[in-house]
Amino acid sequence: MEKNKFYITTPIYYSNSEPHIGTVYTTIVADTFARFYRLKDYDVFFLTGLDEHGQKLARTAQEKGYTPQEYVDMMAQKFLDTWKKIGITNDDFIRTTQKRHEEVVQKVFQKLYDNGYLYKGTYAGWYCTPCETFYQKEELHDGNCPNCGRPVEFLEEETYYFKLSEFGPALLKYIEEHPEFVYPESRRNEVISFIKSGLKDISATRTTVKWGIPVPFDPKHTVYVWFDALVNYISALGYLSDDDTKFRRYWPADVHLIGKDILRFHAIIWPAILMALNIPLPKTVLAHGFWTIKGGKISKSKGNKVDPHELINIYGVDALRYFLLREVPLGLDGEYSDEAFHRRYTSDLANDLGNLLNRVLTVAEKYSEGKVPNPSEMKEEDKALLEKTEETAKRVEEEMEKFNPSSALGSIWEVIQDANRYIDQQAPWNLTSDKERLNTVIYTLLEALRRISILLYAFIPDSAVKIQEQLGYQDPQFSWDLIKDVKIPVGQKLNKGKILFPRVERKEKEEKEEIASEPKITIDEFKKIDLRVAKVLSARRVENSDKLLLLEIDLGDEKRQIVAGIAEHYKPEDMVGKEIIVVYNLQPAKIRGYESQGMLLAAKDSKGRLAILTPEKEVDPGSKVS
RNA sequence: GGCGGUGUAGCUCAGCGGUUAGAGCACACGGUUCAUAACCGUGGUGUCCAGGGUUCGAAUCCCUGCACCGCCA
């Protein structure tokens with residue numbers, strides 16, 4: 001009988017920036033599902049890759065002094081290195097600059113054109129040259145760019161549209177008939193209400209972007225990156241190419257794992273393209289949440305990023321995998337904190353699991369010569385522990401089918417807790433006068449650990465392997481069937497090794513940084529900070545934010561806008577006309593969609609009162625502060 | 001502004017019409033010594049956001065308000 005297949009994808013990541021906690025999260029989750037279904041003997045195909053086209057990327061490459069191709073090659077290596085380090089078991093790595101991909105995109109594009117799903121039109125909008133972005137009239141702020149506040153110009157560009165508007169009813173019908181198509185349900189509702197609000201045709205080519213795939217029937221156009229990127233899911237399988245065996249074998253995808261930010265592309269536009277191509281839709285689009293830090297989004301401009309490499313260096317790959325998979329149910333946002341990470345590591349991995357392995361092997365070393373002992377008849381409590389592992393296997397399967405690795409891990413930890421309880425209750429160290437019973441207890445524990453290692457394999461593979469090695473397996477064996485059928489061989493020599501999850505002393509680093517007071521800086525370092533007096537010309541609240549004000553300020557020779565987190569303390573009208581102190585040479589940052597070109601200085605006391613710094617008497621705007 | 005979600009123990013969350021509201025972590029006490037100061041047991045705390053309604057009965061259903069979040073415009 002032919003094996004069941006399981007095709008899972010991650011989005012292809014934009015190679016503009018290096019792997020970060022978000023991309024690492026997505027990839028680890030996908031890897032866990034891939035490993036899990038391989039354990040269950042499915043024929044798994046796990047795809048990830050990179051999105052390497054687009055204007056933004058070409059510009060970044062240029063800024064860094066590379067050709068676009070050199071730059072994406074370099075970035076691809078960084079991604080591959082990271083995936084290797086984390087133990088990602090992808091079966092292919094698609095890059096949109098690969099010929100195999102470009103050819104398929106062109107063929108797909110041609111096919112859609114031939115079938116009448118693409119038509120030539122013009123794209124009209126207000127264009128902000130510095131931001132290289134089109135806006136619709138409603139998006140503008142007082143007629144200016146909502147991003148940088150600068151004037152925009154009305155432009156028209158020739159483009160080919162994809163007839164998305166035709167697919168609304170068919171998509172709705174499909175989603176209603178396939179409740180598992182979008183997951184979790186809250187996202188499904190979002191998709192439905194978006195479709196019901198009416199779909200518009202969507203621009204699918206650009207004439208101004210050169211770093212992209214040329215449109216075969218009109219080469220002055222390139223295919224818009226979103227289209228280019230989506231096709232990766234079938235181009236990697238060889239759709240419309242000479243050898244399409246993989247496409248025939250694996251399509252449709254079982255799971256497109258994505259972040260919630262790209263839900264519309266995957267749950268609306270991509271299915272519409274597939275319908276236009278007359279090929280089946282993916283079974284499930286699974287949208288996960290974001291990681292936040294102290295309630296805010298993780299972003300470079302806030303400087304609150306989490307460095308996955310650093311966590312791996314301190315705690316190990318499996319700790320990172322475990323934390324990301326366990327801490328938060330898939331689909332919800334999760335709050336990252338070093339404390340939470342450390343707590344998970346210490347209490348779950350070190351205390352519960354690592355310590356269990358360690359104490360069992362010590363007992364075996366002391367009381368059964370470091371070998372798997374020969375058990376005599378098992379009592380109820382022995383059988384109960386082993387049966388629990390089988391029940392847990394079923395529960396893990398159920399939870400994974402519901403896309404909930406967090407709960408799956410929760411149930412595995414119940415077995416680990418049971419095993420800890422079992423060893424306490426049986427107290428093998430008190431059984432030295434009853435050798436038969438002692439051997440049975442030790443055997444039961446070793447066998448339970450063997451089973452636990454298989455339960456854990458998809459989630460924390462390195463540790464699962466290490467557990468089996470310590471149980472004396474030369475060549476660790478992982479297969480879901482082995483949870484019940486096979487028993488650990490009597491007489492097998494155990495191989496107690498290093499502590500699985502050694503305790504990590506936290507705080508050292510941070511305490512040094514925080515408590516050892518702030519380091520002194522030199523006068524030269526201080527001089528790097530350019531402080532200026534500015535006069536507030538206008539102020540208004542930033543929409544959807546209680547804390548932010550958008551200030552337009554006069555710096556003598558120039559005007560700037562800054563975003564300041566003072567709205568809870570100052571009303572916009574109070575600010576107008578005030579002179580403030582700003583950091584003039586601060587790297588601009590985008591906050592809530594607005595570019596902040598500086599930072600104002602203010603003092604906050606422990607009671608939460610906030611006071612803005614202002615010159616003691618009026619001086620000309622633009623004056624330097626020193 | 002529209003649609004949707006969330007608000008439960010110090011923290012993270014489960015429960016979503018029916019006995020005295022639960023789990024993990026944290027905390028306290030006890031046990032244990034095989035173990036990574038680990039493990040096991042016991043224990044407490046909750047105006048279940050606020051107000052109103054439906055019901056024999058509501059954390060659970062309905063309405064209103066507040067707060068936060070998401071999607072859209």
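Throughout, a chain's letter reflects where its sequence line sits, starting with A, and its residues are numbered from 1. FYI, side chains are in, hydrogens and waters are out, and symmetry mates aren't considered; it's all heavy atoms of this structure.
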>> Would you say A:Tyr443 and A:Asp382 are linked by a side-chain donor-acceptor pair, where the criterion is simply a distance under 3.5 Å?
In response: no

> Nearest-Å distance, CG (A:Asn420) to C1' (B:rG41)?
Replying inline: 13 Å

>> Which residues pass the side-chain contact (heavy atoms from CB on, under 4.5 Å) test with A:Ala384, not counting sequence neighbours?
In response: none

> Could you state the CG-P distance from A:Leu357 to B:rC39, rounded to the nearest angstrom?
Replying inline: 15 Å

> For the rings on A:Tyr315 and A:Phe341, is their centre-to-centre separation under 6.0 Å?
Replying inline: yes

> Rounding to the closest angstrom, what is the interatomic distance between B:rG15 and B:rG22 at atom C1'?
Replying inline: 7 Å

>> By the 4.0 Å heavy-atom rule, please label A:Asp352 as base, sugar-phosphate, or nothing.
In response: sugar-phosphate

>> If the test is salt bridge (Lys or Arg N to Asp or Glu O under 4.0 Å), which one of A:Asp318, A:Asp352, A:Asp348 qualifies with A:Arg326?
In response: A:Asp348

>> Under a 3.5 Å cut-off for both contacts, is B:rU20 paired Watson-Crick or G-U wobble with anything, and if yes, with which nucleotide?
In response: none

>> Taking side chain to side chain contact (heavy atoms under 4.5 Å, CB included) as the criterion, tell me which of A:Trp226, A:Tyr161, A:Tyr123 meets it with A:Ile202.
In response: A:Trp226

>> Going by purine N1 to pyrimidine N3 plus the second Watson-Crick contact, or the G-U wobble pair, all under 3.5 Å, which nucleotide sits opposite B:rG41?
In response: B:rC29

> Pairs in or reaching into residues 416-434 of chain A: which pass salt bridge (charged side-chain N to carboxylate O under 4.0 Å, His left out), with residues at least two apart or in two chains?
Replying inline: A:Arg359-A:Asp424, A:Lys388-A:Asp418, A:Asp418-A:Arg421

> Touch check for A:Glu365, heavy atoms < 4.0 angstrom, all strands: base, sugar-phosphate only, or nothing?
Replying inline: nothing

> So which of residues 423-445 of chain A are in contact with RNA chain B, with a heavy-atom cut-off of under 4.0 Å?
Replying inline: A:Ile423, A:Asp424, A:Trp429

> Any side-chain N or O of A:Arg421 less than 4.0 Å from the OP1 or OP2 oxygen of B:rG41?
Replying inline: yes

> Rounded to whole angstroms, how far apart are CD on A:Gln417 and P on B:rA23?
Replying inline: 12 Å

>> Which nucleotide, if any, forms a Watson-Crick or G-U wobble pair with B:rU55, using both distances under 3.5 Å?
In response: none

> Once you round it to whole Å, what is the distance between P of B:rC69 and CD of A:Glu190?
Replying inline: 15 Å

>> With rounding to the closest Å, how many angstrom separate the P atoms on B:rC48 and B:rA37?
In response: 41 Å

> Applying the side-chain hydrogen bond (donor to acceptor under 3.5 Å, both in side chains) test to A:Thr389, which of A:Arg450, A:Glu447, A:Arg451 qualifies?
Replying inline: A:Arg451

>> Base, sugar-phosphate or nothing for A:Ser197? Non-hydrogen atoms, less than 4.0 Å.
In response: nothing

> Does A:Ala350 or A:Arg344 map to a spot on RNA chain B nearer the 5' end, using the closest nucleotide for each?
Replying inline: A:Arg344

>> How would you summarise protein contacts on nucleotides 5-12 of chain B per nucleotide, using B for base, S for sugar-phosphate only and - for none, with heavy-atom distances below 4.0 Å?
In response: --------

> For the side chain to side chain contact (heavy atoms under 4.5 Å, CB included) test, which of A:Val317, A:Leu324, A:Thr10, A:Thr23 pairs with A:Ile28?
Replying inline: A:Leu324

>> With no hydrogens and no angle check, just 3.5 Å: does a side-chain donor-acceptor pair link A:His266 and A:Tyr233?
In response: yes

> Between A:Asp51 and A:Tyr13, is any side-chain donor less than 3.5 angstrom from a side-chain acceptor?
Replying inline: no

> Is there a residue in residues 457-470 of chain A whose heavy atoms reach under 4.0 Å of RNA chain B, and which residues are they?
Replying inline: none

> Contact class for A:Arg264 (heavy atom, under 4.0 Å): base, sugar-phosphate, or nothing?
Replying inline: sugar-phosphate

>> Could you report the tightest heavy-atom contact between A:Gln470 and A:Gly497, atom names first, then the distance?
In response: OE1-N, 3.1 Å

> When the ring planes of A:Trp413 and A:Tyr322 are compared, do they come out parallel, tilted or perpendicular, using 30° and 60° as the limits?
Replying inline: tilted

>> What is the separation between atom CG on A:Leu199 and atom C1' on B:rC71, rounded to the nearest whole Å?
In response: 15 Å

> How close or far is atom C1' of B:rA26 from atom CG of A:Asn351, stated in whole angstroms?
Replying inline: 13 Å

> Between A:Thr284 and A:Glu180, do the side chains contain an N or O donor and an N or O acceptor separated by less than 3.5 Å?
Replying inline: no

>> Between B:rU45 and B:rA9, how far apart are the two P atoms, rounded to whole Å?
In response: 14 Å

> Can you tell me how far C1' in B:rC68 sits from the matching atom in B:rC49, rounded to whole Å?
Replying inline: 11 Å

>> Please check if the number of heavy atoms outside A:Glu377 that lie under 6.0 Å from its CD is greater than 12.
In response: no

> When the C1' atoms of B:rC13 and B:rU8 are considered, how many whole Å apart are they?
Replying inline: 9 Å

> Can a cation-pi geometry be assigned to A:Arg264 and A:Phe194, taking NZ or CZ under 6.0 Å from the six-membered ring centre and within 45° of the ring axis?
Replying inline: yes

> Which nucleotide in the set B:rU36, B:rG70, B:rA35 lies at the smallest distance from any side-chain heavy atom of A:Leu500?
Replying inline: B:rU36

>> Expressed as a whole number of angstroms, how long is the span from A:Arg187:CZ to B:rG70:P?
In response: 9 Å

>> Between B:rA50 and B:rG10, how far apart are the two C1' atoms, rounded to whole Å?
In response: 22 Å

>> Any N or O donor-acceptor pair under 3.5 Å from the base of B:rA38 to the side chain of A:Asn355?
In response: no

> Do any of residues 369-398 of chain A sit with a heavy atom less than 4.0 Å from RNA chain B, and if so which?
Replying inline: none

> Does B:rC48 pair with anything, Watson-Crick or G-U wobble, both distances under 3.5 Å, and if so, with which nucleotide?
Replying inline: none

> Just one of A:Leu446, A:Leu471, A:Asn355 clears the side chain to side chain contact (heavy atoms under 4.5 Å, CB included) bar with A:Val360, so which one?
Replying inline: A:Leu446

>> Between A:Val29 and A:His288, does the side-chain contact (heavy atoms from CB on, under 4.5 Å) criterion hold? Intermediate values first, please.
In response: CA-CA 9 Å; A:Val29 171; A:His288 66 65; 5.8 Å; no

>> Measuring only the C1' atom in each nucleotide, how far is B:rC62 from B:rU54? A whole number of Å is fine.
In response: 7 Å

> Does A:Asn358 put a side-chain nitrogen or oxygen below 4.0 Å from OP1 or OP2 of B:rA38?
Replying inline: no

>> Would you measure the distance from the P atom in B:rG41 across to the matching atom in B:rC25 and give it in whole Å?
In response: 10 Å

>> If you only use heavy atoms from C-beta on, which nucleotide in B:rA35, B:rG70, B:rC25 is closest to the side chain of A:Arg359?
In response: B:rA35

>> Pick the closest RNA chain B nucleotide for A:Val360 and for A:Phe194 by heavy atoms, then say which residue is nearer the 5' end.
In response: A:Val360

> Can you tell me how far P of B:rC25 sits from CG of A:Asp348, to the nearest Å?
Replying inline: 8 Å

>> Going by purine N1 to pyrimidine N3 plus the second Watson-Crick contact, or the G-U wobble pair, all under 3.5 Å, which nucleotide sits opposite B:rA67?
In response: B:rU6

